[in-house]
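Here's the structure we're looking at; comments come further down.
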Amino acid sequence: MPGWLPRAMILALALYGCFQLGSWAFYQLIGLLTNIVIAFFLALAVEPAVGRMADRGMRRGLATFLVFLAVLIAGVGFVVLLGSMLAGQIANMIEDFPKYLDSVINWINQTFHTELSRVGVQDSLLHSDWLQRYVQNSATGVLDVSTTVLGGLFRLLTIFLFSFYFAADGPRLRRALCSVLPPARQAEVLRAWEIAVDKTGGYLYSRGLMALISGIAHYVLLIFLDVPYAPALAVWVGLVSQFIPTIGTYLAGALPMLIAFTVDPWYAVWVLAFVVVYQQFENYVLQPKLTSKTVDIHPAVAFGSVIAGTALMGAVGALVAIPAVATLQAFLGAYVKRYDVTDDPRVSGGRRWRRGEPVLSRVHRAVTGRGGADEDGGGTDDGGGEERRSASGE
């Protein structure tokens, strides 16, 4: 056995053990790393407001606290308003549920010539096996729901805490990062940080603009259908559909449908149809144009980045994918050397060569820059003919 083989085997086993330990630690800390990523982008989003307040003489920690306090007050107020509205509407819907059930049963009897009754439907539902299993599962799942809610609150607190420190100690964090880099690299890091702030702000601006357009469109529909609480429902649809990726659209459309159902069951169908149609318009027309303009990336790249972010990090990846890709693209664009494009019809979408033209004639014209006989109306060119004969002889 060679003398180096035992040492190589020990080194390979040690590297494999370190890899397994690193993988285990990464999967254990994936939740914390995800919270840090969210907190970092949230700090980038509030950085412009905090910076303006700090430039006017306010302490950066106080400015960050005031910004986060305003965001927290707005969020809590919105949730409380919607919660009170939803509780009242659910109570009204429960009181009027027998009336809605009678209208549905009458429509079924008239349409399908059946003889259903509300008492019979209620008895069949109360004595059904699936209802009993659902009640049992709900009773056993109360603890799981409580654990999920507490975990969500703890995660939200963690994100706000990290984002507060990132925003309040932004200059100190940049100074600490630049202190371990040479001067040339320091300029690049600061430029990348500035680009990230601009692109994150542009992304939030585009999302806010789409939320405004969505809220106005749904407000017009709800007013037309005479659905109560139309302004609050419009704000709900605009914010939830834009700032909660993947499932935000369904959550946003469920509440207006529920409220519309209390007015007229058919209004809920109209709201559902409008939500589906508007979502297609937003996905294929509105969102690509606004996103590409505010964060300066191609619509296809924006769409692909959302898909890739969702595959890598789920809903969080879908939320931060576009500003992250826009930041990377802008940073690379500042250092990638570009050249002037040649004046060729194929670049502008035209066709340089006509179909059926000999290859030798194409090559000759490309080299000499002279046109053939069929290009100048059938005439001849004596000088060009001699050059072509010499070229063919060669």
Side-chain angles (χ1 to χ4, degrees), residues 74-108 111 116 118 121-122 124-126 128 130-135 137-139 141-142 144-146 148-149 152-153 156 207 210-283 286 315:
V76 171
F78 180 70
V79 171
V80 170
L81 176 63
L82 285 178
S84 61
M85 178 197 68
L86 182 60
Q89 291 299 314
I90 289 178
N92 295 334
M93 186 180 65
I94 292 175
E95 293 177 359
D96 297 335
F97 183 76
K99 182 179 65 176
Y100 299 143
L101 186 58
D102 287 337
S103 63
V104 172
I105 290 175
N106 291 333
W107 178 80
I108 294 175
T111 305
L116 298 177
R118 178 160 58 89
V121 173
Q122 290 177 351
S124 61
L125 289 176
L126 293 175
S128 60
W130 68 269
L131 182 61
Q132 296 177 0
R133 289 195 300 268
Y134 176 77
V135 172
N137 294 333
S138 300
V142 171
D144 296 337
V145 173
S146 302
T148 303
V149 172
L153 292 176
L156 187 63
R207 285 292 176 179
M210 285 191 296
L212 178 63
I213 297 174
S214 176
I216 293 175
H218 288 83
Y219 174 76
V220 172
L221 172 69
L222 297 175
I223 288 294
F224 177 76
L225 296 177
D226 197 17
V227 177
Y229 305 103
L233 289 175
V235 174
W236 162 267
V237 172
L239 292 179
V240 175
S241 62
Q242 301 303 324
F243 291 99
I244 298 181
T246 308
I247 62 173
T249 302
Y250 308 102
L251 293 177
L255 184 58
M257 288 175 56
L258 179 63
I259 305 301
F261 184 84
T262 61
V263 180
D264 190 338
W266 288 109
Y267 285 177
V269 179
W270 285 106
V271 172
L272 176 61
F274 182 83
V275 168
V276 173
V277 173
Y278 181 82
Q279 185 65 26
Q280 303 306 313
F281 167 76
E282 182 182 276
N283 289 339
L286 186 62

Please table the atom pairs, donor to acceptor, closer than 3.5 Å between any side-chain atom in residues 270-281 and protein atoms at least two apart or in another chain.
from   : atom 1 : to     : atom 2 : distance (Å)
Tyr278 : OH     : Ser214 : N      : 3.3
Gln279 : OE1    : Thr249 : OG1    : 3.3
Gln279 : NE2    : Thr249 : OG1    : 3.4
Gln279 : NE2    : Asn283 : OD1    : 3.1

>> What's the separation between atom NE2 in His218 and atom CG in Leu233, rounded to the nearest 0.5 Å?
In response: 10.5 Å
> For the residue pair Ala252 and Val237, what are the closest heavy atoms and their distance?
Replying inline: O-CG2, 3.5 Å
> What residues, two or more places apart in sequence or in another chain, satisfy side chain to side chain contact (heavy atoms under 4.5 Å, CB included) together with Asp226?
Replying inline: none
> Just how far is it from atom CG of Leu221 to atom CD1 of Ile216, taken to the nearest 0.5 Å?
Replying inline: 14.0 Å
>> So, using side chain to side chain contact (heavy atoms under 4.5 Å, CB included) as the criterion, who are the partners of Ile223 when residues are at least two apart?
In response: Tyr219, Ala230
> What are the two closest heavy atoms between Gly215 and Ala234, and how far apart are they?
Replying inline: O-CB, 3.2 Å
